[in-house]
Amino acid sequence: MPNKPTKETFVTEITPRSEDFSRWYLDLVRRAELADYSPVKGCMVIRPYGYAMWELIQQALDARIKATGHVNAYFPLFIPNSLLTKEAEHVEGFSPQVAYVTHAGGEELEEKLVVRPTSEAIIGTMYANWVQSWRDLPILINQWANVVRWEKKTYPFLRTTEFLWQEGHTAHETEDEAEAETLKILDLYADVCESVLAMPVVKGRKTESEKFAGALRTYSIEALMGDGRALQAGTSHNLGQNFAKAFDIKFQARDKSVQHVWGTSWGVTTRLVGGLIMTHGDDSGLVLPPNVAPYQVVIVPIGRENWRETVLPKALEIQRALAGAGVRVTLDERDERPGWKFAEWELRGVPLRLEIGPKDIEKSAVLVARRDTREKQSLAMDGLPQRILQLLEEAQANLLQRARQFREEHTQRAGSYAEFREMMEGRPGFVIAPWCGAADCEARIKTDTQATIRNMPTANVPPGSCVRCDNPAKAEAWFAKAY
RNA sequence: CGGGAUGUAGCGCAGCCUGGUUAGCGCACCUGACUGGGGGUCAGGGGGUCGCCGGUUCGAAUCCGGCCAUCCCGACCA
């Protein structure tokens with residue numbers, strides 16, 4: 001049922017966040033035209049507005065990946081099945097999710113092809129040909145690609161059968177270098193999340209049971225969504241020599257010995273778009289940080305029947321001035337009522353709305369409404385672009401600050417298991433607790449509370465015993481119910 | 001893949017139990033007029049193989065069977 005518009009929400013047709021977070025999210029994805037369901041099960045269409053957000057994330061990430069010495073390349077979508085099966089743990093981990101091509105060209109293929117769920121196998125195979133000497137290292141390659149993982153349960157952006165991502169694959173001379181690379185990328189991801197998406201993340205190491213199939217160690221960044229559930233926003237893996245041994249990636253070292261390379265791989269996906277929605281959105285719709293807003297400013301002309309003659313020229317002038325200052329700006333000159341346009345652009349999360357009407361022109365001013373705070377103020381036309389840039393920065397900073405505060409308010413420390421369970425049943429969020437390191441303890445906690453260890457931010461061993469058993473603690477773990 | 005629910009216009013739904021003219025409502029959409037600083041009003045209009053296949057019947061959106069899809073809850077995942 002459509003909701004009555006109120007002063008607070010202004011928007012119809014979106015389930016209130018507090019009423020049903022999941023429906024709110026799905027309504028928003030559809031109404032803001034970010035994505036649409038497709039005829040293919042589990043596969044969504046990313047619509048232009050949603051794709052524009054992904055493109056901005058790509059640009060920010062790509063620039064940072066290149067600035068740290070990596071280069072882009074492209075590897076095939078299809079992988080011969082025999083290659084995928086070379087690394088035992090890797091196959092075992094991925095086989096339930098793999099899609100195969102068995103027929104092509106009107107015939108059954110001699111060897112079925114895997115539609116890549118990730119590219120370690122094909123890239124490792126190529127690296128084996130490319131590496132001879134320590135002088136060939138490191139190899140620092142990234143690719144932007146689509147991958148397919150057959151999922152039982154799908155959800156727009158957060159979990160779809162086909163998704164877009166970037167995957168970096170590097171090969172190094174030493175273990176230390178590979179570990180440094182793994183952590184460097186983790187920092188890079190965290191920086192993009194915080195400075196571009198205004199989405200604070202917790203960096204840490206994954207447990208054995210949650211690590212990437214075939215990796216030595218997996219690190220992740222974890223964000224907290226508006227409903228108190230955690231979202232894995234990116235992963236970085238130290239592959240050790242596992243894939244090098246499986247794919248025979250060897251080099252002659254400085255000391256003349258022949259050794260296997262040390263590998264890493266790392267990725268973030270279109271899931272980030274979902275994370276963005278769930279971090280900042282409200283009952284009126286999306287709230288976009290300026291750095292990922294396809295439009296940072298929308299200009300809405302206000303006026304009487306002849307506004308096209310009286311107001312539009314001024315609006316166009318402002319548009320040109322802002323565009324000239326590097327602002328992504330659009331002018332809404334559709335023949336709709338202003339109030340309707342306000343609601344529509346709020347739904348789409350545009351950070352700043354400029355209202356320009358006869359009254360403003362008279363005062364040589366313009367009315368600015370902020371999406372993040374809903375504050376309105378009149379600004380002089382003089383020096384407007386500089387003031388707008390300043391407001392965009394303020395909005396960006398405010399959103400990060402607000403999200404940080406939300407996370408802090410939803411992060412607790414548990415001393416006992418009783419307390420832990422109570423916290424997990426009560427207000428959702430992160431619970432920090434000492435853990436003994438045993439997989440069965442971890443599994444038991446999941447059965448009892450649905451919470452999993454998201455990651456372990458430090459290598460420090462906390463004093464005392466495991467939150468669930470009496471064994472000494474080996475790590476401080478961040479628990480949460482996760483997407 | 002197990003348990004529950006739902007498929008009727010782009011979206012949200014009524015009609016089904018108790019079969020029977022032309023399948024209806026709200027929003028959205030199209031045309032026109034008046035409007036225009038927070039989702040306006042009026043008038044006119046377009047849009048449906050009632051998820052698919054089969055059965056029962058003189059007659060099926062409605063009853064029966066099968067299939068498919070989607071959503072919610074549990075086991076796997078970025």
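The analysis underlying the following values was restricted to heavy atoms, covering all of them including side chains, and did not include hydrogens, waters or symmetry mates. Chain identifiers are assigned alphabetically (A, B, ...) following the order of the sequence lines, protein sequences preceding nucleic acid strands; residue numbering begins at 1 within each chain.
- Considering A:L391, A:V368, A:V329, A:I318 as possible partners of A:V297, the one that fulfils the side-chain contact (heavy atoms from CB on, under 4.5 Å) test is A:V329.
- Counting non-hydrogen atoms under 4.0 angstrom, A:T160 reaches a base of the nucleic acid.
- In this structure, B:rG19 makes no Watson-Crick or G-U wobble pair, since no nucleotide meets both defining distances under 3.5 angstrom.
- Among the protein residues, A:G357 comes within range of the nucleic acid bases, having at least one heavy atom under 4.0 Å from a base atom.
- Taking atom P on both B:rC53 and B:rU6, the two are 22 Å apart, rounded to the nearest angstrom.
- Taking atom CZ on A:R30 and atom P on B:rA28, their separation rounds to 14 Å, with Å as the unit.
- Pairing of B:rC13, defined by two Watson-Crick or G-U wobble distances under 3.5 Å, is identified with B:rG24.
- B:rG26 and B:rA14 have their C1' atoms separated by 11 Å, with the value rounded to a whole Å.
- The CD1 atom of A:I299 sits 16 Å away from the C1' atom of B:rG37 (whole-angstrom rounding).
- Below the 3.5 angstrom threshold, one finds a donor paired with an acceptor across the side chain of A:E346 and the base of B:rG38.
- Separating the CZ atom of A:R337 from the P atom of B:rA28 is a distance of 13 Å, rounded to the nearest angstrom.
- Across every strand in view, B:rC50 sits unpaired, with no contact that passes the Watson-Crick or G-U test at under 3.5 angstrom.
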Scan the side chains in residues 44-51 of chain A for donor-acceptor partners under 3.5 Å anywhere in the protein, sequence neighbours excluded, and list what turns up.
{"residue": "A:Y49", "atom": "OH", "partner": "A:R348", "partner atom": "O", "Å": "2.7"}

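- The separation of B:rU8 from B:rG3, taken at their C1' atoms, amounts to 27 Å, rounded to a whole angstrom.
- Atom CG of A:D382 sits in a sparse spot, with 12 or fewer heavy atoms from other residues, nucleotides or ligands closer than 6.0 Å.
- Shown here, B:rA61 forms no base pair; nothing in the strands shown gives a Watson-Crick or G-U wobble contact with both key distances under 3.5 Å.
- The side-chain tip of A:R468 does not point at the ring of A:F420 from less than 6.0 angstrom away and within 45° of straight on.
- Qualifying side chain to side chain donor-acceptor pair (under 3.5 Å) partners for A:R407, counting only residues two or more places apart in sequence or in other chains: none.
- When the C1' atom is compared between B:rC17 and B:rC63, the two are found 10 Å apart, to the nearest whole Å.
- The separation between A:W340 atom CH2 and B:rU41 atom P is 15 Å, rounded to whole Å.
- For B:rG44, the paired nucleotide is B:rC30, the pair qualifying as Watson-Crick or G-U wobble because both relevant distances are below 3.5 Å.
- Side-chain atoms of A:K376 come within donor-acceptor range of the base of B:rG38, with a qualifying N/O pair under 3.5 Å.
- Nucleotide B:rC77 holds its P atom 24 Å from the CZ atom of A:F157, rounded to whole Å.
- When both distances must be under 3.5 Å, the Watson-Crick or G-U wobble mate of B:rC68 is B:rG7.
- Shown here are the side chain to side chain donor-acceptor pair (under 3.5 Å) partners of A:R444, two or more places apart in sequence or in another chain: A:D448.
- Partner A:T218 forms a side chain to side chain donor-acceptor pair (under 3.5 Å) with one of A:H237, A:K211, A:R205 and no other, that one being A:H237.
- Each of A:D335 and A:T235 was assigned the nucleotide of RNA chain B with the nearest heavy atom; the assignment lying further toward the 5' end belongs to A:D335.
- Computed from coordinates, the A:R23 CZ to B:rC13 C1' distance equals 12 Å when rounded to whole Å.
- With both pairing distances under 3.5 Å, B:rG37 is matched to nothing as a Watson-Crick or G-U wobble pair.
- Looking at A:E344, its side chain comes within 3.5 Å of the base of B:rG39 through a donor and an acceptor atom.
- Note: CH2 (A:W307) to P (B:rU35) measures 16 Å, nearest angstrom.
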Atom pairs under 3.5 Å, N or O on each side, protein against nucleotides 69-76 of chain B: can you list them with distances?
{"residue": "B:rU70", "atom": "OP2", "partner": "A:K41", "partner atom": "NZ", "Å": "3.3"}
{"residue": "B:rG74", "atom": "OP1", "partner": "A:Q450", "partner atom": "NE2", "Å": "3.3"}

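- Comparing B:rG24 with B:rC64, their P atoms sit 25 Å apart, to the nearest whole Å.
- Partners of A:N142 by side chain to side chain donor-acceptor pair (under 3.5 Å), not counting sequence neighbours, listed by chain and number: A:N72, A:Q166.
- Rounded to whole Å, the separation between the C1' atoms of B:rG47 and B:rA5 comes to 29 Å.
- With sequence neighbours left out, A:K359 forms a side chain to side chain contact (heavy atoms under 4.5 Å, CB included) with no residue at all.
- At the heavy-atom level, A:L231 lies nowhere under 4.0 Å from the strands shown.
- RNA chain B is contacted by both A:V366 and A:W165; A:V366 maps to the nucleotide lying nearer its 5′ end (nearest heavy atom per residue).
- As judged by a 4.0 angstrom heavy-atom cut-off over every strand, A:R308 is placed among residues making no nucleic acid contact.
- For the C1' atoms, the distance linking B:rG20 with B:rA60 amounts to 10 Å, nearest Å.
- Relative to the ring axis of A:W24, A:R17 places its NZ or CZ within 45° and under 6.0 Å from the centre.
- Spacing between B:rU62 and B:rG74 at atom P, rounded to whole Å, works out to 34 Å.
- Both distances falling under 3.5 Å, in either a Watson-Crick or a G-U wobble arrangement, occur for no nucleotide opposite B:rA75.
- Atom P of nucleotide B:rC77 and atom CD of A:E89 are separated by 12 Å, given to the nearest angstrom.
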